[in-house]
Amino acid sequence: MKVPLQVTLRHMDPSPSLEGAIRARADKLDETYSLIRCAVVVESPHHHAKKGRLFSARVSLTVAGAGIAVTQDPHEDPYVAVRQAFEAARRRLAGSFARRRAKRP
């Protein structure tokens with residue numbers, strides 16, 4: 001990555017293990033797609049008494065010629081929310097690169 005990874009945890013305590021998991025997933029995407037920038041926001045938007053604490057993850061990526069932003073539905077486990085967001089971003093990147101390859105003469 002040309003720009004350092006930005007990890008933001010909102011409305012929750014700092015978690016080095018969660019940040020490490022995010023960094024590992026971002027590094028894996030960087031190896032495959034040569035990311036320019038990656039920003040990840042994990043937040044606990046609501047404190048519902050009946051539903052428990054939910055976490056949502058948002059991943060914003062920039063690669064040469066494209067910007068991708070993915071927001072996942074809230075989940076009870078922040079690690080699952082991050083995993084789902086990165087998987088959705090990976091699928092979007094793969095589709096974007098496949099379309100670019102198809103357009104080449």
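Computed from a predicted model, the values in this text were never measured in an experiment. These values consider heavy atoms only, across backbone and side chains, with no hydrogens, waters or symmetry-generated copies.
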Give the cluster check for [X] versus [Y]: same hydrophobic cluster or not, with ILVMFWY residues linked at side-chain heavy-atom distances below 4.5 Å.
X: Ile36; Y: Leu61; answer: no
X: Met12; Y: Tyr79; answer: yes
X: Ile22; Y: Val41; answer: no

Can you measure from [atom1] ([X]) to [atom2] ([Y]) and round to the nearest 0.5 angstrom?
X: Asp30; Y: Cys38; atom1: CG; atom2: SG; result: 8.5 Å
X: Leu93; Y: Leu35; atom1: CG; atom2: CG; result: 6.5 Å
X: Ser44; Y: His11; atom1: OG; atom2: NE2; result: 8.0 Å
X: Ser56; Y: Arg10; atom1: OG; atom2: CZ; result: 9.5 Å

For this session: Salt-bridge test for Arg90 and Glu87: reply yes if a basic N is under 4.0 Å from a carboxylate O, no otherwise.
Result: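 Result for this pair is yes, salt bridge flagged.
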For this session: Mind checking side chain to side chain contact (heavy atoms under 4.5 Å, CB included) for Gln72 and listing every partner two or more places apart, or none if nothing turns up?
Result: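 Here the qualifying residues are Val70, Gln84, Ala85, Ala88.
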Exercise. Yes or no on side chain to side chain contact (heavy atoms under 4.5 Å, CB included) for Arg25 and Arg83, after CA distance, side-chain angles and deciding distance?
Worked result: CA-CA 8 Å; Arg25 290 188 182 278; Arg83 184 186 72 219; 3.2 Å; yes
Problem set entry | Shortest non-hydrogen contact from Phe86 toward Leu29 |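 Reported closest heavy-atom pair: CD2-CD1, 3.6 Å.
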Exercise. Taking it one step at a time, do Arg58 and Thr71 satisfy side-chain hydrogen bond (donor to acceptor under 3.5 Å, both in side chains)?
Worked result: CA-CA 4 Å; Arg58 183 173 48 240; Thr71 303; 4.9 Å; no
Problem set entry | Pairs meeting criterion ring pair (Phe, Tyr, Trp, His ring centres under 6.0 Å) with involvement of residues 19-41, two or more places apart |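 Every pair satisfying ring pair (Phe, Tyr, Trp, His ring centres under 6.0 Å) with a residue in residues 19-41: Tyr33-Phe97.
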Exercise. Stepwise, does the side chain to side chain contact (heavy atoms under 4.5 Å, CB included) test hold for Val40 with Gln6?
Worked result: CA-CA 6 Å; Val40 180; Gln6 295 175 331; over 6 Å; no
For this session: Begin from the C-alpha positions of Leu18 and Val7 and carry the test side chain to side chain contact (heavy atoms under 4.5 Å, CB included) through to its verdict.
Result: CA-CA 10 Å; Leu18 181 59; Val7 178; over 6 Å; no
Problem set entry | Stepwise side chain to side chain contact (heavy atoms under 4.5 Å, CB included) check, Thr8 with Val42 | CA-CA 6 Å; Thr8 306; Val42 180; over 6 Å; no
Exercise. Where the side chain of Arg37 meets the backbone of Leu5, is there a donor-acceptor pair that is under 3.5 Å apart?
Worked result: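 No.
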